[in-house]
Amino acid sequence: MPELPEVEVTRRRIEPLLVGRRIREVHTTRPSYLFITPPAKLRRSLSGRTVDWLARRGKYLVAQLDDGSRLIVHLGMTGQLFSEAAVSPRLMSSTARSSLTPEAQRRFRPDLHTHLRICFEDGGPQVLLRDVRKFGKLIWLGAGEPHPRLDRLGIDALEISGAQLFAAGRKRKVAIKNLLLDQSVLAGMGNIYADEALFLTGVRPTRAAGRLTRIECERLAQTIRKVLERSIETGGSSIRDYVTPDGSDGAYQFERWVYARTGEPCGRCGHAIRRIVLGQRSTHYCPSCQK
Ligand SMILES: [Zn+2]
């Protein structure tokens with residue numbers, strides 16, 4: 001599932017391919033639960049517009065258009081926003097892949113999973129949204145129209161400070177891991193990075209948030225930022241279907257200490273990594289290093 005770093009990597013790479021280009025027309029697939037805004041309305045609203053800037057709010061991408069309206073994109077589980085020139089063979093089914101020569105694989109052709117295709121007046125590379133499982137979301141908002149989910153988001157996880165984390169945890173009995181995943185506290189924080197940051201800080205995920213000291217919150221906030229920044233640098237975690245917009249794979253998955261390493265020896269002490277379920281999410285930690 002794309003998390004903050006993957007969404008931020010997508011934003012940085014797709015921004016130059018989107019911003020400042022006038023949209024000629026937009027192609028969509030038929031109405032489905034991916035389209036919070038009906039596809040016909042989406043096509044109508046985007047045609048002739050220019051994207052002024054592309055921002056990220058938590059795990060949402062927000063394209064600000066020149067008439068004050070906004071296009072909100074959530075990548076869901078398998079969403080991929082990329083340019084027409086993407087070269088990853090991961091974007092194709094295995095049958096399609098095996099029947100194509102390596103040269104033919106280098107150019108992606110829109111398929112039935114390509115739910116949004118943006119064509120520009122300059123005739124240059126199109127921007128596409130592909131989503132196999134359709135858990136992503138596409139929303140168009142008119143100028144000034146609010147979005148309850150976006151408006152409720154907390155501090156961006158890339159910018160969290162120790163003092164903010166400490167304040168959010170005061171008198172709370174909720175497990176620190178669940179507090180970190182609460183999007184109204186920490187926007188964009190996800191499961192992998194929460195597990196990794198807690199391991200690197202030596203804090204057990206089940207500990208009550210209110211029991212963390214000011215110093216621990218300081219170290220935890222710093223570690224969260226570091227883990228996320230490191231993941232952005234390496235292009236995100238290419239677990240399952242995530243590919244970066246230029247088609248290359250992320251590398252962060254090779255740097256995990258605890259996430260999805262159940263039973264493997266801890267890289268610091270050798271104790272077996274344990275997995276529990278916390279707030280309905282898989283949680284991984286070292287029972288010896290994390291207190
Ligand atoms: Zn350990």
Side-chain angles (χ1 to χ4, degrees), residues 1-9 59 154-183 185-240 242 249-291:
M1 176 159 185
E3 301 210 33
L4 183 151
E6 289 85 347
V7 180
E8 180 62 17
V9 168
K59 297 178 199 173
I155 301 152
D156 195 87
L158 259 186
E159 281 153 26
I160 187 77
S161 74
Q164 287 164 332
L165 204 54
F166 184 74
R170 275 321 74 200
K171 294 177 185 157
R172 301 280 308 272
K173 285 189 181 135
V174 61
I176 181 64
K177 164 82 183 279
N178 291 343
L179 185 84
L180 295 184
L181 291 183
D182 181 344
Q183 298 295 302
V185 174
L186 213 50
M189 197 60 187
N191 209 26
I192 303 178
Y193 306 100
D195 281 4
E196 293 298 309
L198 286 167
F199 170 81
L200 291 167
T201 318
V203 172
R204 196 172 283 216
T206 48
R207 193 157 10 131
R211 306 280 297 190
L212 267 75
T213 65
R214 208 176 273 276
I215 292 166
E216 282 176 321
C217 286
E218 202 56 62
R219 280 177 32 222
L220 183 55
Q222 202 174 36
T223 308
I224 287 169
R225 297 193 308 264
K226 213 185 284 175
V227 164
L228 292 171
E229 273 157 19
R230 176 69 190 140
S231 184
I232 290 167
E233 255 171 52
T234 57
S237 305
S238 272
I239 295 169
R240 297 197 192 137
Y242 173 74
D249 290 347
Y252 187 76
Q253 53 171 330
F254 303 113
E255 294 185 10
R256 283 176 288 117
W257 288 89
V258 288
Y259 185 81
R261 300 191 68 140
T262 315
E264 289 177 37
C266 166
R268 286 196 170 154
C269 75
H271 206 289
I273 300 299
R274 195 172 287 173
R275 175 188 178 272
I276 54 167
V277 175
L278 202 57
Q280 295 165 325
R281 307 292 300 272
S282 262
T283 296
H284 311 79
Y285 69 98
C286 171
S288 160
C289 293
Q290 291 171 261
K291 310 270 191 256

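Every number for a ligand or one of its atoms is a count from 1 in the order of the listing. For the numbers below, each heavy atom of this structure counts, side chains included, while hydrogens, waters and symmetry mates do not.
Taking 4.0 Å as the cut-off between side-chain N and carboxylate O, Arg256 and Glu264 do not count as a salt-bridged pair. With respect to Glu233 and Arg230, a salt bridge is recorded, a charged nitrogen being found less than 4.0 Å from a carboxylate O.
The distance cut-off of 2.8 Å around the Zn ion (ligand 1) captures these protein N, O or S atoms, sorted by chain and number: Cys266 SG, Cys269 SG, Cys286 SG, Cys289 SG.
Within 6.0 Å of CZ on Arg268 lie more than 12 heavy atoms contributed by other residues, nucleotides or ligands.
Contact check for Phe199 versus Cys266: side-chain heavy atoms found under the 4.5 Å cut-off. The shortest side-chain heavy-atom distance between Val258 and Glu196 falls under the 4.5 Å cut-off.
Applying salt bridge (Lys or Arg N to Asp or Glu O under 4.0 Å) to Asp195 and the options Arg274, Lys177, Arg275, Arg261 leaves one that passes, Lys177.
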